[in-house]
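As structure tokens, the structure follows; a few thoughts come after it.
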Amino acid sequence: MTLLAPALLLGLLGLAAPVIAHLLGREPPQPIRFAAMRFLHATERSSTQRRAIQDWPLLIVRLLLLALLVVVLTRPSSTEQTGVAVVGEPHDAVVLVDASRSMELRVDGRSLLEHAIDQVDGLLASLPPGSRVGLLTTDPDGPREEPSADPDVVRDALERWKTDGHPRAGAWTMAEALPGATALLQRVEGERPRVVYAVGDATARGLGSLPKAAEGGALVVPVPAIDAEQPRPEHVAIEQAHWEPAPELDPRAMRIQAALRRHPASSLDDAAPERRVPVVLRVGDTELARTEVVLPFGELVPVEFTHTLSSEQDLAPAVIALDVPDDPMPSDDTRHLWLAADDAIEVVVVNGDPSELRAHDEVWFLSTAVGVGDDEQRLRLRSLAPDQLESRVREQGRQAFRDVDVLVLANLRAPSPDVAPTIVEQVHRGMGLWITVGDRVQADAYNARLGELLPLRMREAVRVGTAPGRTEARAEGMAPADLAHPAFRGLRGDLGLTGTRARRVMLLEPDPQREHQIALSFTSGAPALLTREVGVGRVALLTTSIDRDWADLPLRPGFVPMISSMLGYLASADGGGGTGQLVAGEVRHFRTEQAITITTPTGQQLSLAPDDEGQAVLEDTYVPGHYRVDIGDTQSVLSVAVDPVESDTQWQALDPTPLQDGERRHVAVAVPRWRGLWWLIGLLLAAEAVLRLRSRWGGQPARRG
Amino acid sequence: MADREREPGGLPPPPRPAATPATSDGGDDGNALGRLVPAPLRELLRARPLLVRRPVWGQRHGRHAAARAGLGLDFRDHRAYVPGDDPRRLDWRAVARRERLVLRRTESEDELSLVLVLDGGGGMAYGEGPQQKLAYAHAIAGGLAWMAHRQGDPVGLSLGRQQAVDVSLTRPRSGRERLSALAQRLTEAPPLGRCPWISLMNEVAPRLPRRSLVVVLSDLLDPGMRSDDADEVQDELLRGLAQLRARQHDVVIVQVLHPDELTFPWAERSMLRFEDLRELRAPLEAPGRSLRDEYLRRLAAHLHALDDRCEAEGLVLVRVSTGQPVQDAFMGMLARLAGEAGAATVEVEVPA
């Protein structure tokens with residue numbers, strides 16, 4: 001413990017003041033003009049009592065008050081060795097601060113972000129003279145300071161940014177923000193060492209996502225906001241929330257389901273194995289239902305409510321919330337939904353290889369997967385033969401896809417040349433397209449007609465083991481899914497697809513210029529499921545069959561969630577289902593030819609004008625809650641939720657700091673300890689007032705002659 | 001009138017106020033005496049006579065039994081005729097029986113001279129409102145004066161205050177003018193300083209008519225003129241009053257005390273500063289708790305000694321507390337005047 005202003009300790013001499021005041025400056029005696037003075041005689045006792053201290057408790061309280069006041073003025077602080085490691089020679093650095101939602105976790109009464117800012121203070125204080133330092137955060141709208149020799153620029157920027165209410169949902173991961181930090185460093189001239197000090201929590205999206213070095217040779221030094229040994233509290237979160245119609249109960253009834261998770265504390269020694277958590281369902285401003293859920297650690301626990309919309313109500317905002325006021329991370333305790341009378345995803349499957357044998361019929365597997373459990377009501381599946389599709393398109397043109405959210409081309413040879421442009425146009429306008437291959441698929445025809453939609457162009461279908469260099473294996477296994485892919489958002493762990501064995505696959509043409517994302521890949525590294533965003537729409541390509549012709553994918557437990565997630569992903573680009581959910585920070589496109597107005601949960605109204613291609617883009621979706629979209633006379637809605645991945649506060653094991661011991665600098669950071677003393681002073685003031693009143697009321701009122 | 005009533009050695013009388021209408025019974029609220037005597041006491045005294053136990057010797061006919069024979073109707077005795085007696089007073093029947101000339105004598109009824117001797121020193125200022133000792137004494141004095149006036153008895157007033165005496169109204173007079181002047185004097189003389197008892201008694205005694213009723217109103221707590229002569233002055237005062245009693249005057253001492261003086265309620269530890277209302281003794285600072293027991297013991301001893309001395313001298317001592325209703329105190333005093341037995345009505349609770 002140190003004192004920032006030790007000279008003020010001289011103020012303790014002032015403690016003599018109340019003692020002297022009690023001894024000498026006693027209150028004037030009450031005067032009484034009396035007639036029988038003849039009989040009054042002062043005794044010995046009374047004359048000595050005049051010098052005695054009459055109210056010991058009051059004196060002690062006043063002495064304590066004065067002493068505490070002096071101590072507070074000296075600003076006692078404890079110096080903590082922060083263990084900040086910095087490069088020992090002058091260098092150029094960028095402080096990269098994690099602004100993600102997980103930094104909201106409160107540890108010891110302060111958020112991780114506040115702890116991180118303290119770490120930044122210590123880090124800035126320990127930089128060698130001559131160093132230049134800049135700032136970047138994972139908040140896309142956060143401060144960005146180019147390296148300069150004045151560390152106060154970073155401090156001031158952080159202080160301003162903190163007062164704006166950060167951290168927030170939808171921030172980048174540290175790995176995503178790292179290129180921005182290196183870009184700042186590359187603007188600095190000179191050959192001095194370049195270092196990125198990454199300050200944040202050690203979660204998978206925080207420091208756990210960082211590589212050891214960044215582009216351009218910059219050294220990446222992870223600086224945890226708190227020590228790994230410091231206890232971190234547990235918290236609860238709602239990770240999923242959706243609803244589905246329940247026509248068996250009522251034509252307008254629905255089941256509202258959520259999945260809760262109890263994220264464990266850093267130490268489970270003192271934690272109860274199970275915890276009861278109240279869950280509340282509110283529709284509009286009314287609390288409709290309340291229940292309690294028993295949560296063990298780590299497991300996803302479902303909770304379900306049923307509700308029936310009134311006949312006058314086609315659309316209602318609903319909130320599922322945890323009633324846990326002391327949760328150290330409250331932002332993920334609430335989920336917003338729009339309840340609608342009609343909210344299904346229309347899926348049209350074009351079956352290119354109908355078969356009477358179920359094992360060889362694509363539609364049967366798809367319809368079975370869609371019909372399992374919850375998806376039956378959310379997904380409406382229709383099957384068309386190829387000629388039916390062509391005839392409808394020829395007759396109706398673009399209107400043939402009017403109500404279609406996702407079009408699945410299952411083992412279709414290729415759309416005819418006159419139909420393909422319509423499909424391309426619809427995908428550009430937001431329709432989802434999923435292509436699954438099989439024996440009938442003609443790669444050249446697809447490349448020619450739908451080439452601009454494909455994530456990668458098709459080459460040829462091969463049997464596994466016959467491909468060049470792959471003679472030893474007869475079947476291809478499936479690698480773990482990339483859960484970072486937007487289609488799998490909200491899913492966790494192994495999807496249950498790793499046991500898949502594929503005997504034939506469609507080879508693709510490598511094309512580094514073509515933007516695409518790989519959701520699934522084989523163990524050989526070959527892509528199995530790819531997606532691409534085209535215009536406002538999304539396209540997926542499965543490089544093996546969706547039935548059992550080429551692989552046993554439909555037999556795997558992960559098949560159903562994969563189908564459901566992918567269809568939902570493909571449809572959500574078009575707002576499939578009408579009441580789509582976005583995760584915070586996700587961009588939403590609208591097809592429109594007129595300006596639209598967005599009403600955010602905070603009541604703010606945003607006006608969006610369409611571009612030349614008739615698209616309006618909503619980018620500001622960082623506030624979770626209910627959004628209303630007014631397009632002319634029509635109104636639609638959407639809700640924004642926090643990505644459950646951001647709630648994961650599980651710390652990852654970090655590699656040791658890349659700096660050598662000689663380059664470490666232990667910085668003593670002054671932690672203020674005087675703030676709590678103000679409470680004590682307040683209590684003593686109240687006690688002093690009570691003692692004074694007691695003393696005053698205890699005396700006899702004077703009588704005057 | 002002012003010059004005629006001025007007495008040598010006394011204070012000049014205060015300026016006479018503008019004439020105020022006085023009613024025959026002195027009971028109007030607009031009257032100065034009416035303000036001194038509380039309404040309940042006036043109501044109580046409305047039909048009650050002022051009586052004394054012993055015969056009086058007034059100069060004029062009155063309502064009190066006289067100590068001498070006179071022209072009344074009630075038979076008293078016979079005596080032998082001497083030349084010069086009025087032959088109309090011969091009792092011819094008795095002459096016939098006794099065969100010598102005898103005169104018939106009858107009882108006489110004279111007026112009673114009431115002289116009020118009031119302590120106007122600062123000590124009488126203790127208390128507030130109707131509980132102030134001087135106000136209480138004024139009520140008693142006013143009540144007596146009003147009763148005397150109503151039955152035609154002359155009234156006088158002597159006042160001692162501010163180390164001086166005022167005997168301008170000592171010689172008893174009757175009539176509304178005297179009553180009005182007396183009330184005016186009472187209301188215009190605030191308590192101040194000390195009452196010079198020796199001088200006052202020396203001035204009053206020669207001015208008393210025969211067999212007067214002398215009523216002394218004081219607290220008799222500290223009658224001294226210096227800080228060390230209280231016992232001496234008190235002894236001299238009682239001796240002087242005893243002499244008056246020996247000269248056939250009726251002497252009544254009304255000792256007016258405040259409840260605080262009898263109970264000493266300051267029993268706390270807080271520091272108090274006692275200041276002498278008579279401006280005679282030095283202030284005293286001490287916690288009330290440390291003073292109380294000794295004070296009450298000394299006061300009780302003082303009051304007991306006073307009781308004993310008055311009883312021995314044949315003085316009537318009536319002790320009243322301003323905490324009790326003034327009509328109760330007044331009725332007790334009237335009973336004592338009429339000859340009913342009784343001791344001082346107020347006692348001091350002496351701590352163990």
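The figures here come from the full heavy-atom set of this structure, side chains too, leaving out hydrogens, waters and symmetry mates. Protein chains get the first letters and strands the later ones, always in sequence-line order, with residue 1 at the start of each. Note that the structure is predicted; figures quoted are calculated from it, not measured.
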4.5 Å side-chain heavy-atom contact, B:Tyr295 and A:Phe34: yes
Show your working on side chain to side chain contact (heavy atoms under 4.5 Å, CB included) between B:Asp231 and A:Arg38 and close with a plain yes or no. CA-CA 10 Å; B:Asp231 293 335; A:Arg38 178 183 174 191; 2.2 Å; yes
Yes or no on side chain to side chain contact (heavy atoms under 4.5 Å, CB included) for B:Phe264 and A:Leu40, after CA distance, side-chain angles and deciding distance? CA-CA 10 Å; B:Phe264 202 80; A:Leu40 288 178; 3.6 Å; yes
Would you compute the distance between atom CG of B:Asp222 and atom CE of A:Met37 and round it to the nearest 0.5 angstrom? 9.5 Å
Heavy-atom side-chain proximity of A:Arg33 to B:Tyr126 below 4.5 angstrom: no
Part of B:Asp219 within contact of chain A (heavy atom distance under 4.5 Å): side chain
A:Ala36 and B:Leu221 have their tightest heavy-atom pair at CB-CD1, 3.8 Å
Take a 6.0 Å sphere around CD of B:Glu311 and say whether it holds more than 12 heavy atoms from other residues, nucleotides or ligands. no
A:Ile32 CD1 to B:Leu272 CG distance, which is reported to the nearest 0.5 Å: 4.5 Å
Suppose we screen for side-chain contact (heavy atoms from CB on, under 4.5 Å). Which residues come up paired with A:Ala116, at least two apart in sequence or across chains? A:Met103, A:Val199, A:Ala225
When rounded to the nearest 0.5 angstrom, what is the spacing between CH2 in B:Trp266 and CD in A:Gln30? 10.5 Å
Under a 4.5 Å heavy-atom cut-off, does chain A meet the side chain of B:Asp228, its backbone, both or neither? neither
Grab the two heavy atoms, one from A:Ala35 and one from B:Gly123, that are nearest each other, plus how far apart they are. CB-O, 3.5 Å
Partners of B:Ala189 by side-chain contact (heavy atoms from CB on, under 4.5 Å), sequence neighbours excluded? B:Leu159, B:Arg161
